[in-house]
Number of protein chains: 2
Amino acid sequence: MAVCHDSFVKPDRDRPGASRVLASVGRTRPRQRTSDRVYEELASAIRDLRIPPGASLSETELAEQLHVSRTPLREAIVRLVETGLVSVVPQVGTRVELIRLDDVEQARFVRESLETAAFAEACAKPVRDVSALRDLLAEQERCHARGDIDAFFAADEALHEQIFAISGYLGAWQVMQPMKMHLDRLRRLSLPEPHTVQALIAEHTAIVDALEAGDAAGGREHLIRHARRVQNTAPALQAQYPEYFSS
Amino acid sequence: MAVCHDSFVKPDRDRPGASRVLASVGRTRPRQRTSDRVYEELASAIRDLRIPPGASLSETELAEQLHVSRTPLREAIVRLVETGLVSVVPQVGTRVELIRLDDVEQARFVRESLETAAFAEACAKPVRDVSALRDLLAEQERCHARGDIDAFFAADEALHEQIFAISGYLGAWQVMQPMKMHLDRLRRLSLPEPHTVQALIAEHTAIVDALEAGDAAGGREHLIRHARRVQNTAPALQAQYPEYFSS
DNA sequence: ACCGCCATACTTGTATTCAAGAATTCCAGC
DNA sequence: GCTGGAATTCTTGAATACAAGTATGGCGGT
């Protein structure tokens, strides 16, 4: 597999960057590929624990259940393997990885580092429009009131994403998503507790207040406590659902 | 594409987590898949600019050049698309993305945030063995002396990775790799300047010194300056190689 | 009853084929 | 010479077929 140096490149007839701009402007083209649909389907199913940790997956079975062939399904699997949520042993099988507390700890570190840094950047902005964040807080209250955990989950995500958007580093939030799924599975286990949701909303409020006040240090403390809340419930959850955890 | 709730799961005969431990212990099994080799080959070629930004790729041509079929090649392409370095438009073509300064800025933010956080964690360790770091500094001097840019590149990477290893958050370094390739391409453009390498080594030395002294604040400053050094050369590089840049 | 062996079924990896669509090229007409 | 249109070629997407290897289950011997 030696690389033939210049032969990778194919001579371009027109200017290289031209078509990309068109692709992002003209929205008619990118009808979602089958592989993407399958990935979204599987990723959300794993994140929501509809496919529990440790479950065996069969490419052929999954393919016929989703009414696709193995080819796009495998491309989705490849992306899931990249995240570390799925492992595949050749000629043996594919399975959803168990929750490894080390992975969770690594993900917590990444999230905490990026989120506190983004918050600091957001606080440094001369104007900070927190109205969208206030709306999301109200939405979270409504979800809590009617007991809609899925909707709360979404609003929770949206609030944190909005902080990155204000900071100007939304790209950092996006690249964090695959790794964050390790945290999401743990959070999904802990969410059913009603007082947990209430505590989360209180913390969200404190974070938004700190951002509005430009209190970088205070916000940082709230964010760290927030990020570690789920982490702290890990031992209890492992005791309650031992079959979902590794080691 | 509705999800049939329980039907994803296949009944397990034995305990779910058992085989994974075996797979990581017994090293005979995982002979590298073709898809992985192809990915490594393409990723390094793109990172080293052997495949320049904006180059068109043809699945069929690449497949026959690498002596593989399109199937494993496409799986490698999927992973490259995930990193944002390659874009593929159905029925039109696949190309290596141009260097977008916004992507570079997002990557710089992620790297700076994680690296300063990891450095702080490393400084908090009661014992910090910097001997491996000293060895890498010496190695970098040797590479600089004999003008081996590729080897210097590798030793540079190894030093930063070692800092994460000391901090206990090596996983954070690993998940950062795909995004970091955006920075690597820019760095590759700037490396040929001899004084650049010398300046990098000096900064590396300062960083290691700070870690040995447990000087978290000082190390942070050096790391930030270090991360932004390449970033600062971006305008000049864009002027020199305009065909490699977007917008 | 237990152990070992062999056949079978099932798993993923890879190659090949078919399909759909876009871009280019060539040729006819003006 | 220029313009328009149709055919050809090249692109990726998806499905199918083939290959290699593993685990399982049954069967025969001990």
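Below, read A as the first sequence line, B as the second, and so on, with proteins coming before strands; counting in each chain starts at 1. Note that this is a predicted model, so its numbers are computed, not measured.
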Whole angstroms only, please: what is the [atom1]-[atom2] distance between [X] and [N]?
{"X": "A:E59", "N": "C:dT14", "atom1": "CD", "atom2": "P", "result": "11 Å"}
{"X": "B:R70", "N": "D:dG13", "atom1": "CZ", "atom2": "P", "result": "8 Å"}
{"X": "A:D36", "N": "D:dT12", "atom1": "CG", "atom2": "P", "result": "16 Å"}
{"X": "B:R95", "N": "D:dT12", "atom1": "CZ", "atom2": "P", "result": "11 Å"}
{"X": "B:L66", "N": "C:dA15", "atom1": "CG", "atom2": "P", "result": "11 Å"}
{"X": "B:E61", "N": "D:dT12", "atom1": "CD", "atom2": "C1'", "result": "14 Å"}
{"X": "B:E64", "N": "C:dA15", "atom1": "CD", "atom2": "P", "result": "13 Å"}
{"X": "A:H67", "N": "D:dA15", "atom1": "NE2", "atom2": "P", "result": "12 Å"}

Please round to the nearest 0.5 Å and tell me the distance separating atom [atom1] of [X] and atom [atom2] of [Y].
{"X": "A:R100", "Y": "A:E105", "atom1": "CZ", "atom2": "CD", "value": "14.0 Å"}
{"X": "B:L73", "Y": "B:L42", "atom1": "CG", "atom2": "CG", "value": "6.5 Å"}
{"X": "B:I51", "Y": "B:R185", "atom1": "CD1", "atom2": "CZ", "value": "10.5 Å"}

Which of the following nucleotides, [options], is nearest to the side chain of [X]?
{"X": "B:V88", "options": "D:dA15, D:dT12, C:dT12", "result": "D:dT12"}
{"X": "A:R33", "options": "D:dG13, D:dT22, C:dA15", "result": "D:dG13"}
{"X": "A:T71", "options": "C:dA23, D:dA15, D:dT12", "result": "D:dA15"}
{"X": "A:R74", "options": "D:dA15, D:dG13, C:dT14", "result": "C:dT14"}

| Of B:G93 and A:S35, whose nearest nucleotide on DNA chain D comes first from the 5' end? | B:G93
Do the side-chain N or O atoms of [X] get closer than 4.0 angstrom to the phosphate oxygens (OP1, OP2) of [N]?
{"X": "B:T34", "N": "C:dG13", "value": "no"}
{"X": "A:S69", "N": "D:dA15", "value": "yes"}
{"X": "B:T94", "N": "D:dT12", "value": "yes"}
{"X": "B:S58", "N": "D:dT11", "value": "yes"}

| query | So do the side chains of B:I166 and B:F119 get within less than 4.5 Å of each other, counting heavy atoms only? | reply |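 Sidechains of B:F119 and B:I166: no contact.
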| said: Measuring centre to centre across the rings, with the benzene-like ring taken for any Trp, is A:F164 within less than 6.0 Å of A:Y169? | reply: no
| remark: Taking five pairs at each terminus, the helix from C:dA1-D:dT30 to C:dC30-D:dG1 shows an axis bend, to 10°, of 20°
| task | Could you note down all residue pairs passing ring pair (Phe, Tyr, Trp, His ring centres under 6.0 Å) where residues 69-94 of chain A supplies at least one of them, sequence neighbours left out? | result | none
| Distance-only donor-acceptor test (3.5 Å): side chain A:Q91, base D:dT22 |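 Not at all, since no donor on one side and acceptor on the other fall under 3.5 Å apart.
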| field | Derivation and outcome, side chain to side chain contact (heavy atoms under 4.5 Å, CB included), residues B:Q162 and B:L159 | value | CA-CA 5 Å; B:Q162 180 63 20; B:L159 185 138; 5.7 Å; no
| Pairing residues for A:D148 by the salt bridge (Lys or Arg N to Asp or Glu O under 4.0 Å) criterion, not counting sequence neighbours | A:R146
